[in-house]
There are 2 protein chains.
Amino acid sequence: MDTMADRGSVTLRDVAEAAGVSVSTVSRVLDERAPRSQSATAVRVRQVADELGYRRNAYASGLRRGQTGTIGVLVPRLTDTVMALMFEALERAARARGYFAVVATCGDDPESERSSTEILLERGVDGLVLATARLDDELPAALRARGIRHSLALRTDGVSPSSLGDDDMGGYLAVRHLVDLGHRDIAIVTGPRFASSANGRVEGARRALAEAGLALDAERVVYAGYGIDEGVEAGRAVFTSSRPTAVFAANDNLAIGVMRAAHLAGRVVGDDLSLVGYNDIPLASRLPVPLTTVHVPFDQIAAGAIDLLFAPPGEATIRKVLPTLMPRASTTRVVE
Amino acid sequence: MDTMADRGSVTLRDVAEAAGVSVSTVSRVLDERAPRSQSATAVRVRQVADELGYRRNAYASGLRRGQTGTIGVLVPRLTDTVMALMFEALERAARARGYFAVVATCGDDPESERSSTEILLERGVDGLVLATARLDDELPAALRARGIRHSLALRTDGVSPSSLGDDDMGGYLAVRHLVDLGHRDIAIVTGPRFASSANGRVEGARRALAEAGLALDAERVVYAGYGIDEGVEAGRAVFTSSRPTAVFAANDNLAIGVMRAAHLAGRVVGDDLSLVGYNDIPLASRLPVPLTTVHVPFDQIAAGAIDLLFAPPGEATIRKVLPTLMPRASTTRVVE
DNA sequence: CTGTTAGCGCCTTCAT
DNA sequence: ATGAAGGCGCTAACAG
């Protein structure tokens, strides 16, 4: 039986023998948490370990230490660029704190969400970051009941520690921008009702309209998913029932879908139709007509999510970071 | 010291005591690899384990078994949809075979490629799938020298076990399609010279042109990166120096960049300019003008990569799967 | 089929 | 500062 990718598997004992000291000495010298000793033995041991190509066996170490230096991340899918951005940011934040991030995808299915969680737990993660929390999801509550360290990223259930963007503010910035450009007939396409982000962004949008003395009719708001196809469909609905001069899509994917719907309806984005997205995925600024959107600082959100994992419980545990508007060619002054 | 996400940590011993049997009995009954015994004790043990909420500690188990049921995947970045698609497919393929896939991102830096590899090995992965192999990269050779199980996905170095699409065929299909539509003035934008995929696709393109009696002048081929920005730049270069009626971009991101460059140059894709991409990322079919592209069967590639990991060495180890052309609105018959 | 025994590689008292 | 010894949770030989 070959052991773990057939790697040379140089053990502590090998190093100890080669260096002529005991295993415990080597263990101590190579303990990355302790301050680096500069004693003669320490230096020699490190050199020998290096020559032999020693690598600590994370499993044995984790077993003994009771923690593994691993953080589990749960996302619905990685092919959604927003989730990929979030995971990469979490990976960086984790690494900066000496942790390794592993990810599991779980789609939109609560059942697979549970089973993916169990898989991660089985692998002994020291904490769990969920980028999936639905408002109606009972997973965070279950984790709280079991006393499992976790935090929510991008969304919140109002109870578990959460790190997210200020969606209300983002929605406000987006629509305020449209209002400032003279638009008064604005439609809104947002995410699913079960997502706190979708609701927050609509709230902010409503506030900006109210400030301008505009009401937000119910039929002006379309709740959809966060995918491109949902954007196409929502856009189609919007453009057949009315003729808004501007659309706020609460997600860049949705906005891209709306772009396609607009194209099919004979509307020209950046000309007779203004469009704002949300998230500022890399694609947004590189479209033929670059998309005005709300930039979300994923790195800050990630840092918050990781920090909350290890923060003493009972602190103010819902952290919001401010988004920024990125005006681009997809929004223009309203034509009379 | 709390152990691993504070989970209840019900151990084999707990189950054994509660069920009134020995630890090894429980271990055997709960061994997922053995055939499921239906004896009275087995049934009872499973029930008790279930009630207590027992979960196997993957670290202890891996330590003892000498393998961890984990496969490491190395990709440059997950924010590139192609890589996200590839990883998700690998994740599925791994899961179908009882493995769990963990991913590490390493950018384009060979140094960080090395260190990410070490991190994965430290975590005791049973094998490594690299979706990063550059032609000039020495990592596969290093892994071979150390006897570490691995395979390459999407690219090949010509030696290590590889699972990839038939890039030559894909390039051929793309350009053949353009030729069939009457185009004779075709420019090609491809990926970096260090990628086997980029070269293969150009070769196929060249073959299709030759068949039609057309030569491929060197200045008709632009080597770029695989990012959108590189596509914009390459497109700009193409459109300022000449006026091709069609462009084959060897990657959808590149194609999107070319779209933007075309827009800036006053060309209209699907009208006076035909454009073909490569990979068929989900976005391609959902653009305002849907992109004709070459569909790559990521699931087959993933299955191949995982299988090669555990195949007896010495087999035919470079597996290629056939891509398919997806004709869409971005390509039209040439206008005279 | 069951239980006993030994040990995977590492870390951490405890004694020197 | 160093070494010896025990054990983390689990599995594989070996008896019965």
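Below, read A as the first sequence line, B as the second, and so on, with proteins coming before strands; counting in each chain starts at 1.
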Discussion item. Among D/dC8, C/dC8, D/dG3, which nucleotide has an atom closest to any side-chain atom of A/Leu63?
Written reply: D/dC8
Discussion item. Just the rounded figure in Å: distance from C1' of C/dG9 to CD of B/Gln67.
Written reply: 17 Å
Worksheet item: What does A/Val21 touch in the nucleic acid at a heavy-atom separation under 4.0 angstrom: a base, only the sugar-phosphate, or nothing?
Response: sugar-phosphate
Worksheet item: Is any side-chain nitrogen or oxygen of B/Arg33 closer than 4.0 Å to OP1 or OP2 of D/dA12?
Response: yes
Discussion item. By the 4.0 Å heavy-atom rule, please label B/Ser61 as base, sugar-phosphate, or nothing.
Written reply: sugar-phosphate
Discussion item. Between P on D/dG9 and CZ on B/Arg64, what's the gap in Å once rounded to a whole number?
Written reply: 16 Å
Worksheet item: Roughly, in whole Å, what's the span from CG in A/Asp31 to P in C/dT13?
Response: 12 Å
Worksheet entry | Length of the CD-C1' vector between B/Glu32 and D/dC10, whole Å | 12 Å
Item to complete: Could you check how far CG of A/Asn57 sits from P of D/dC8, rounded to whole Å?
Response: 18 Å
Practice prompt. Check the pair A/Phe87, B/Phe87 against ring pair (Phe, Tyr, Trp, His ring centres under 6.0 Å), reporting the backbone distance first and the verdict last.
Written response: CA-CA 13 Å; A/Phe87 173 69; B/Phe87 173 68; 8.1 Å; no
Practice prompt. Round to the nearest Å and state the distance from B/Arg123 atom CZ to C/dC10 atom P.
Written response: 14 Å
Practice prompt. Classify the nucleic acid contact of B/Leu12 as base, sugar-phosphate or nothing, counting any heavy atom under 4.0 Å across all strands shown.
Written response: base
Fill in: Rounded distance (Å) that lies between atom C1' of C/dT2 and atom CG of B/Leu30
16 Å
Discussion item. Does D/dT11 have its OP1 or OP2 closer than 4.0 Å to a side-chain nitrogen or oxygen of B/Arg56?
Written reply: yes
Worksheet item: Phosphate oxygens OP1/OP2 of D/dC10: is one of them under 4.0 Å from a side-chain N or O of B/Ser24?
Response: no
Practice prompt. Please state whether the base of C/dG3 and the side chain of B/Arg28 form at least one donor-acceptor pair under 3.5 Å?
Written response: yes
Worksheet item: Would a distance-only check, ignoring hydrogens and angles, find a side-chain to backbone donor-acceptor pair under 3.5 Å from B/Ser116 to B/Glu113?
Response: no
Worksheet entry | B/Glu118 bridged to A/Arg55 by N-O distance under 4.0 Å | yes
Discussion item. Under 4.0 Å, counting only non-hydrogen atoms across every strand here, what does A/Arg13 touch: a base, just sugar-phosphate, or nothing?
Written reply: nothing
Fill in: Whether B/Thr68 side chain and B/Gly62 backbone form a donor-acceptor pair below 3.5 Å
no
Worksheet item: What's the verdict on salt bridge (charged side-chain N to carboxylate O under 4.0 Å, His left out) for B/Arg65 and B/Asp31, showing C-alpha distance, side-chain angles and the deciding distance?
Response: CA-CA 12 Å; B/Arg65 288 188 186 175; B/Asp31 186 336; 3.8 Å; yes
Worksheet item: Under 4.0 Å between a side-chain N/O of A/Ser22 and OP1 or OP2 of D/dT2, yes or no?
Response: no
Fill in: Derivation of the salt bridge (charged side-chain N to carboxylate O under 4.0 Å, His left out) call for B/Arg155 and B/Asp137
CA-CA 12 Å; B/Arg155 299 181 188 175; B/Asp137 188 359; over 6 Å; no
Item to complete: Ignoring backbone atoms, establish whether A/Ser39 has a side-chain N or O less than 4.0 Å from OP1 or OP2 of D/dA1.
Response: no
Worksheet item: OP1, OP2 of C/dC10 versus side-chain N and O of A/Tyr54: anything below 4.0 Å?
Response: yes
Item to complete: Answer with base, sugar-phosphate or nothing: what part of the nucleic acid does A/Ser27 contact at a heavy-atom distance below 4.0 Å?
Response: base
Worksheet item: Contact class for A/Thr41 (heavy atom, under 4.0 Å): base, sugar-phosphate, or nothing?
Response: sugar-phosphate
Item to complete: Round to the nearest Å and state the distance from B/Arg65 atom CZ to D/dG9 atom C1'.
Response: 12 Å
